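In what follows, a structure is listed as structure tokens, so that the remarks can point back to it.
Everything numeric in this text was worked out from a predicted model, so none of it was measured. Below, read A as the first sequence line, B as the second, and so on, with proteins coming before strands; counting in each chain starts at 1. Basis for what follows: all heavy atoms, side chains included, without hydrogens, waters or symmetry-related copies.
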Protein chains: 2
Amino acid sequence: MQAQVFKAMGDPARLTLLSRLASGEGHTIGSLSENLGMSRQGARKQLQVLVAAELIELHKVGRETEVTINIGQLQQARAFIRELERQWDQRLSALKAFVEQTDPSSEADG
Amino acid sequence: MQAQVFKAMGDPARLTLLSRLASGEGHTIGSLSENLGMSRQGARKQLQVLVAAELIELHKVGRETEVTINIGQLQQARAFIRELERQWDQRLSALKAFVEQTDPSSEADG
DNA sequence: ACAATATGCAACCTAATGGTTGCATATAGC
DNA sequence: GCTATATGCAACCATTAGGTTGCATATTGT
């Protein structure tokens, strides 16, 4: 569900992780876990939340694990928000049209 | 912070509320609280979370309370995601340019 | 083989979340 | 004024989240 993606994004530490990944600062669990204001295990848990929401993917390479961001999931989240905005705009348009139809004075000059 | 907005959107019931508001189904606390699969008080709590994230606003009118969606906050959330995507695209472009510069064979035909 | 590095797994704790119920209060309509 | 409606407020409860610590394990480099 969409909610899970937003929920995963609903935490400062996790947004920081996504931001780091998007801008290319570090791409292993270890490097990403630095300077997050929490232990490595704490950071690992946050990464797991992002994995569960399919916002990132983990791939083991030797003894380290590469982390890659899933841009597609971000795009879907953005599309969902855009759809809400679209519905709202449509509703406003419909309301405006209705008002102009029932109250002709509103479409004439003031 | 941005995280709070995403966090507020990270729940099915709250997404339903936002969707109803955007599409114009109901605009009072009472009407919005119907068919959410929880009690009125439960729904009220979820609405309060959206208020705290400034995704909606409440205005008392007589004995009922009007609920309006704050499209601006949705736009900001969307802009934040778009920015992440932009950074990622830039990173990819930079990487591509770097590879092409250091390894000229990659820009020639195969 | 051994030490260092990168990570995983699990138990544990506290605070926050999501939901309930019960009761109080203000407005509307007859 | 009385009744119904729309809402608020607070206590309570179970589950989840966010974070810690301790220990196990797999690679890597010498």
Query raised in the report: Can you name the closest pair of heavy atoms from A:A13 and A:L36 and give their distance?
Result: O-CD2, 4.1 Å

Query raised in the report: What parts of residues 35-59 of chain A reach DNA chain D, counting only heavy atoms under 4.0 Å away?
Result: A:M38, A:S39, A:Q41, A:G42, A:K45, A:Q46

**Report entry** Identified side-chain contact (heavy atoms from CB on, under 4.5 Å) partner of A:M9 from the options A:V49, A:L50, A:L55
**Finding:** A:L55

Report task. Report the C-alpha separation of B:R82 and B:E85 in whole Å, then their side-chain angles, then the decisive distance to 0.1 Å, and conclude whether the salt bridge (Lys or Arg N to Asp or Glu O under 4.0 Å) test is met. Result -> CA-CA 5 Å; B:R82 189 171 44 216; B:E85 293 176 36; over 6 Å; no

Report summary line: Closest non-hydrogen atoms of A:I81 and B:A77, given as atom of the first, atom of the second and distance, are CD1-CB, 4.0 Å

Report task. Report yes or no: does A:T16 contribute a side-chain atom to a donor-acceptor pair with the main-chain N or O of A:P12 at less than 3.5 Å? Result -> yes

**Report entry** B:L32 backbone acceptor or donor facing B:R20 side chain under 3.5 Å
**Finding:** yes

Report summary line: From CG of B:D11 across to C1' of D:dT15 the rounded distance in Å is 14 Å

Requested in this report: Would you check, one step at a time, whether the test side-chain hydrogen bond (donor to acceptor under 3.5 Å, both in side chains) holds for A:E25 with A:S23?
Outcome: CA-CA 6 Å; A:E25 315 167 31; A:S23 61; 3.1 Å; yes

Query raised in the report: What is the minimum heavy-atom distance between B:V67 and B:T28, and which atoms define it?
Result: CG2-C, 4.0 Å

Protein-nucleotides 27-30 of chain C N/O pairs closer than 3.5 Å?
from	atom 1	to	atom 2	distance (Å)
C:dA28	O4'	B:R63	NH1	3.3

Requested in this report: Answer yes or no: is there a donor N or O on one side and an acceptor on the other, between the side chain of B:R14 and the main chain of B:K7, under 3.5 Å?
Outcome: yes

Report task. Indicate whether OP1 or OP2 belonging to C:dT17 is found under 4.0 Å from a side-chain N or O atom of B:K7. Result -> yes

Report task. Please report, rounded to the nearest Å, how far the P atom of C:dT17 is from the CE atom of B:M9. Result -> 17 Å

Report task. For DNA chain D, find the residues of residues 26-33 of chain B with a heavy-atom distance under 4.0 Å and give them by number; none if there aren't any. Result -> B:T28, B:I29, B:G30

Query raised in the report: Does A:E54 use its side chain to pair, donor to acceptor, with the backbone of A:Q73 at less than 3.5 Å?
Result: no

